[in-house]
Amino acid sequence: MTMAIPSFTVETRTRASALSAVALITLLLLAFAAPFMVSRGVIQDLFFILTMLVLAQNWNLLAGYAGLISVGQQVFVGFGAYTMFGCVILLGIDPVLAILIAGVLSVALAIPTAFFTFRLYGPYFAIGTWVVAEVVRLLLAQWKALGGGTGTSLPRDATRDMMGVGTMRDLFGMKASEAGDALTYWLALILTAATIGLIYGLLRRKQGLGLAAVRDNEQAARAVGVDARRMKTLVYLATAFMTGIAGALIYVQKARISPDAAFSVTDWTAYVIFIVVIGGIGTIEGPILGVIIFFLLQNLLADYGSWYLLMLGLLGIAIMLFAPRGLWGLFSDRTGIQLFPVRRVLKGGPLNLMHRGGPHG
């Protein structure tokens with residue numbers, strides 16, 4: 001007698017994702033070689049795209065997957081940048097090491113910040129994060145050793161002699177400025193790949209399911225055993241770490257800082273939200289598409305002054321009205337293509353796996 005036992009498998013991979021993995025590896029190899037193939041201006045543009053993508057992926061993880069809509073993420077950009085400046089100017093630490101310290105201290109700042117903001121919900125949480133960012137900005141504006149309200153610059157020899165620059169000059173014959181741009185670009189590329197890899201890995205694990213459950217219905221998630229507060233806290237701390245590193249890296253490249261620039265809600269939060277919204281919130285592909293569109297629009301429309309911001313706003317509103325899941329969401333819904341699939345699909349069916357009386361029944 002044959003017994004039919006249902007056999008099912010849970011899959012997330014698709015044919016498009018397998019092809020995209022090969023394409024991404026190829027793209028990464030080409031990206032690493034970019035400093036040897038393109039001009040310094042192009043490297044600076046790529047650096048901007050990569051760092052904005054890191055900020056966008058982190059905000060998307062907070063809002064799109066954890067349901068934490070923050071308008072105060074500039075606090076970690078600014079705090080990470082000021083931490084790096086303090087380490088370099090006051091302690092004489094190499095900028096590359098100072099970038100890592102900035103990430104760690106950003107987490108230290110996020111712990112008391114989370115204690116305060118996690119007591120708020122919905123729009124109150126968003127306003128609370130903005131208030132925290134303003135408080136930190138005002139406090140750092142009083143730091144006279146780093147220029148107070150007017151800001152300060154990195155010492156010229158700090159970036160010229162930072163870790164790796166001398167080696168690149170000797171090996172590749174680069175000037176100090178070219179080597180510095182190439183080094184910060186490579187660090188941004190590594191940070192971007194690590195950010196996307198960590199987020200994708202998280203979403204494919206059971207913790208990713210718990211995070212989605214918390215976002216969709218926190219009370220129901222708690223009822224099935226998901227520790228919602230722990231999940232939100234871990235995500236908040238992780239995004240603080242990566243955002244703090246990104247902020248420090250951005251200002252290593254800029255080499256000049258001021259409180260208003262480092263804590264700019266427009267540059268580090270409004271633009272980031274725009275990128276995620278037009279690309280597609282709640283997807284990894286969305287911010288990638290969004291940051292490319294944002295960069296192109298910025299270059300095409302920047303000469304129009306205040307009209308530039310108005311046109312960005314109108315575009316954002318139009319996409320929210322006619323494509324609520326963003327441009328990538330619209331594309332994915334129509335084609336079924338996912339480059340970073342995280343949705344679980346149940347496949348399989350009855351399979352003759354067991355036979356009573358031996359393999360021949």
From L202 atom CG to M231 atom CE, the distance as rounded to the nearest 0.5 Å: 6.0 Å

Residues, nucleotides or ligands: over 12 heavy atoms within 6.0 Å of F172 CZ: yes

Side-chain touch Q253/L249, heavy atoms, less than 4.5 angstrom: no

Cluster link I319 to L330, ILVMFWY, side chain under 4.5 Å: no

Can you give the donor-acceptor pairs under 3.5 Å from side chains of residues 132-158 to other protein atoms, not counting sequence neighbours?
{"from": "E134", "atom 1": "OE1", "to": "R137", "atom 2": "NE", "distance (Å)": "3.3"}
{"from": "E134", "atom 1": "OE1", "to": "R137", "atom 2": "NH2", "distance (Å)": "3.0"}
{"from": "R137", "atom 1": "NH1", "to": "D260", "atom 2": "OD1", "distance (Å)": "3.2"}
{"from": "Q142", "atom 1": "NE2", "to": "L138", "atom 2": "O", "distance (Å)": "3.3"}
{"from": "T150", "atom 1": "OG1", "to": "G147", "atom 2": "O", "distance (Å)": "3.0"}
{"from": "S153", "atom 1": "OG", "to": "R256", "atom 2": "NH1", "distance (Å)": "3.2"}

Side chains of R160 and R169 in contact at under 4.5 Å (non-hydrogen atoms): yes

pair F76-V107: side-chain heavy atoms closer than 4.5 Å: no

Euclidean distance, F322 CZ relative to L327 CG, rounded to 0.5 Å: 13.0 Å

Atom of A66, atom of K232 and distance for their closest heavy-atom approach: O-CE, 4.0 Å

Heavy-atom side-chain proximity of L120 to I127 below 4.5 angstrom: no

Over all atoms of both residues, closest heavy-atom pair of Y185 and L50: CE1-CD1, 3.7 Å

Donor-acceptor under 3.5 Å (W59 side chain, S70 main chain): yes

V75 vs T113 side-chain heavy atoms within contact, under 4.5 Å: no

Where A108 and P112 come nearest, the two heavy atoms and their spacing: O-CD, 3.0 Å

Smallest separation among heavy atoms of W268 and A261, with atom names: NE1-O, 2.9 Å

Under 3.5 Å: donor-acceptor pair, side chain of S332, backbone of W328: no

Steps toward side-chain contact (heavy atoms from CB on, under 4.5 Å) verdict (Q73, L62): CA-CA 10 Å; Q73 287 303 99; L62 269 181; 3.5 Å; yes

Test item: Y65 and V235 side chains (from C-beta on) under 4.5 Å apart, heavy atoms: no

Flag, side chain of T184 to backbone of D181, donor-acceptor distance under 3.5 Å: yes

Y236 backbone acceptor or donor facing T239 side chain under 3.5 Å: yes

Flag side-chain contact, heavy atom, 4.5 Å: L61 against L211: yes

Stepwise side-chain contact (heavy atoms from CB on, under 4.5 Å) check, N60 with I275: CA-CA 10 Å; N60 185 46; I275 287 169; over 6 Å; no

Flag if over 12 foreign heavy atoms under 6.0 Å of CH2, W186: yes

Aromatic F116 / basic R119 pairing, under 6.0 angstrom, 45° off normal: no

In a table with atom names and distances, give each donor-acceptor pair under 3.5 Å that connects a side chain of residues 24-37 to protein atoms at least two apart or in another chain.
{"from": "T26", "atom 1": "OG1", "to": "V22", "atom 2": "O", "distance (Å)": "3.0"}

Side chain to side chain, L55 and M52, heavy atoms closer than 4.5 Å: yes

Distance (rounded to the nearest 0.5 Å) between F274 CZ and T266 OG1: 13.5 Å

F241 with F115, same ILVMFWY side-chain cluster at under 4.5 Å: no

Nearest-0.5 Å distance, OG1 of residue T51 to CD1 of residue I250: 4.0 Å

Donor-acceptor contact below 3.5 Å, side chain T129 vs main chain V71: yes

Minimal non-hydrogen separation, I281 against A63, with atom names: CD1-CB, 4.2 Å

Separation of M242 CE from L237 CG (nearest 0.5 Å): 11.0 Å

side-chain contact (heavy atoms from CB on, under 4.5 Å) between V77 and F263, intermediate numbers included: CA-CA 7 Å; V77 175; F263 291 89; over 6 Å; no

Nearest heavy atoms of M168 and A182, plus distance in Å: CE-CB, 3.4 Å

Acceptor/donor pairs from residues 282-301 side chains to any protein atom, 3.5 angstrom cut, sequence neighbours excluded:
{"from": "T283", "atom 1": "OG1", "to": "G280", "atom 2": "O", "distance (Å)": "2.8"}
{"from": "T283", "atom 1": "OG1", "to": "G286", "atom 2": "N", "distance (Å)": "2.9"}
{"from": "E285", "atom 1": "OE2", "to": "L339", "atom 2": "N", "distance (Å)": "2.8"}
{"from": "E285", "atom 1": "OE2", "to": "F340", "atom 2": "N", "distance (Å)": "2.6"}
{"from": "N299", "atom 1": "ND2", "to": "F295", "atom 2": "O", "distance (Å)": "2.7"}

